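Computed from a predicted model, the values in this text were never measured in an experiment.
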Amino acid sequence: MLGLARWIMRGTPQAVGVAALTALVPWLFWFSAAVAGLVTLRRGLTSAAPVLIAAAIPAGWWWMEGDSVPLASILLVALMATVLRARMRWTDTLLAGTAVCMVLVHLGIFVPAGGAGPLLDELRRSSTEVSSMLDRLSAQGVDTQQMAALVIGGVTGLVVLMVSIGCLALARSWQAGLYNPGGFRTEFHALKLSRGQLALLLGATALGMLLAVPAASLLAWVPLLVAGVALVHGLIGVKGMSGFWLVGFYALLLTTWPTILIVLLLALVDTFADFRGRLTRSD
């Protein structure tokens with residue numbers, strides 16, 4: 001895809017056309033977001049405005065059709081690309097993206113326009129077990145519609161944040177491949193949360209639990225998870241291990257919950273222990 005990225009960066013018309021077309025095609029919005037991210041990283045938000053608008057118009061149409069993910073992802077990628085361009089630090093970028101996504105979830109952006117009621121009605125009709133479970137929750141005084149809205153908003157927000165981070169990473173890798181070979185690998189391998197940033201995430205988690213905002217507690221762990229993934233990449237890079245180790249790592253990460261917990265724990269400990277620094281010094 002680097003050849004396509006090179007062609008896109010030859011001029012604004014190419015970038016505008018690709019961003020608009022891929023935002024219009026179902027399930028290709030991530031490519032549009034990556035294109036917007038690439039142009040923003042390279043030229044800045046002002047120069048990238050035509051590309052961003054071209055991507056946002058068809059994504060806005062999808063929003064009107066009930067799918068908020070494309071537009072939210074494109075705008076979030078543009079925001080994070082702006083932060084990364086200005087701050088040159090992935091950790092600051094991740095924290096900014098997470099904070100914005102928390103606000104979007106809290107505002108109910110990802111809840112369907114008609115609320116969670118129609119979805120619950122459909123679930124009741126499709127499964128008697130789900131219907132009985134919802135009846136039991138209602139009998140216990142649980143507002144099932146509010147609970148469903150929290151789940152839908154939180155899960156959708158998590159998807160948007162993860163997709164946006166992936167799109168930004170793709171855009172950054174394109175930028176490095178075109179203008180700074182090896183740069184993305186170096187900065188990603190060095191990604192590590194500071195103690196202050198970790199404290200912010202723990203504080204956001206605690207605040208979400210106290211205020212009964214589970215989405216905040218869920219999203220707060222995403223930067224730590226990304227830091228854990230970067231740690232694994234960095235350790236494999238320091239030791240000069242085969243890329244097959246990464247294939248196995250991602251297979252476990254995507255299929256087993258314990259692996260996610262281990263990665264989170266490693267990232268948390270790495271904030272204090274600096275595993276990569278220790279390995280580099282020992283070598």
Side-chain angles (χ1 to χ4, degrees), residues 68-69 72-73 75-77 79-80 83-84 87 89-117 119-120 123 130 133-166 168 191-231 253 256-273:
S68 59
V69 173
S73 300
L75 296 179
L76 190 59
V77 169
L79 170 69
M80 291 195 295
V83 174
L84 184 57
R87 302 286 295 174
R89 285 198 292 266
W90 268 95
T91 50
D92 292 350
T93 304
L94 293 173
L95 291 177
T98 300
V100 170
C101 208
M102 287 179 180
V103 173
L104 293 178
V105 172
H106 182 67
L107 293 176
I109 297 297
F110 302 123
V111 178
L119 177 61
L120 289 179
L123 289 174
V130 172
M133 180 190 70
L134 292 174
D135 289 337
R136 288 196 300 270
L137 289 173
S138 298
Q140 296 171 7
V142 177
D143 187 339
T144 54
Q145 290 200 23
Q146 182 181 12
M147 181 186 69
L150 289 173
V151 172
I152 293 171
V155 172
T156 306
L158 178 63
V159 170
V160 167
L161 182 57
M162 295 297 292
V163 168
S164 299
I165 292 171
L168 181 62
L191 195 162
K192 180 169 76 72
L193 293 173
S194 68
R195 298 181 184 184
Q197 290 168 336
L198 179 61
L200 280 176
L201 294 176
L202 293 176
T205 301
L207 193 62
M209 295 174 65
L210 289 174
L211 299 179
V213 185
S217 301
L218 177 65
L219 295 176
W221 292 102
V222 172
L224 190 64
L225 178 62
V226 176
V229 172
L231 171 62
L253 186 68
T256 60
W257 280 103
T259 303
I260 296 177
L261 298 177
I262 292 171
V263 171
L264 288 171
L265 180 60
L266 285 174
L268 191 151
V269 175
D270 183 57
T271 299
F272 303 93

Interatomic spacing from [atom1] in [X] to [atom2] in [Y] - rounded to 0.5 Å:
X	Y	atom1	atom2	answer
Ile262	Thr256	CD1	OG1	7.5 Å
Leu268	Leu201	CG	CG	10.0 Å
Lys192	Phe272	NZ	CZ	9.5 Å
Thr271	Leu198	OG1	CG	5.0 Å
Leu150	His106	CG	NE2	10.5 Å

Before you tell me yes or no, could you show the steps for Leu265 and Val269 under side chain to side chain contact (heavy atoms under 4.5 Å, CB included), namely the whole-Å CA-CA distance, both residues' side-chain angles and the distance that decides it to 0.1 Å? CA-CA 6 Å; Leu265 180 60; Val269 175; 4.2 Å; yes
Taking it one step at a time, do Ile165 and Leu168 satisfy side chain to side chain contact (heavy atoms under 4.5 Å, CB included)? CA-CA 5 Å; Ile165 292 171; Leu168 181 62; 5.7 Å; no
Nearest heavy atoms of Asp92 and Gln197, plus distance in Å: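 Scanning both residues completely, I find the closest heavy atoms to be OD1-NE2, 3.0 Å.
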For Ser164 and Val160, which heavy atoms make the closest approach, and how far apart are they?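 That would be OG-O, 2.7 Å.
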Could you go through residues 213-230 and list every donor-acceptor pair under 3.5 Å that involves a side-chain atom there, pairing it with any protein atom two or more places apart or in another chain?
| from | atom 1 | to | atom 2 | distance (Å) |
| --- | --- | --- | --- | --- |
| Ser217 | OG | Thr205 | O | 2.9 |
| Ser217 | OG | Met209 | N | 3.4 |
| Trp221 | NE1 | Ser217 | O | 3.4 |

Going through the checks in order, is the side chain to side chain contact (heavy atoms under 4.5 Å, CB included) test met by Phe110 and Leu158? CA-CA 10 Å; Phe110 302 123; Leu158 178 63; over 6 Å; no
Using distance only, find each side-chain donor-acceptor pair of residues 93-101 under 3.5 Å and give its atom names and separation, not counting sequence neighbours.
| from | atom 1 | to | atom 2 | distance (Å) |
| --- | --- | --- | --- | --- |
| Thr93 | OG1 | Leu84 | N | 3.4 |
| Thr93 | OG1 | Arg89 | O | 3.0 |
| Thr98 | OG1 | Leu94 | O | 2.8 |

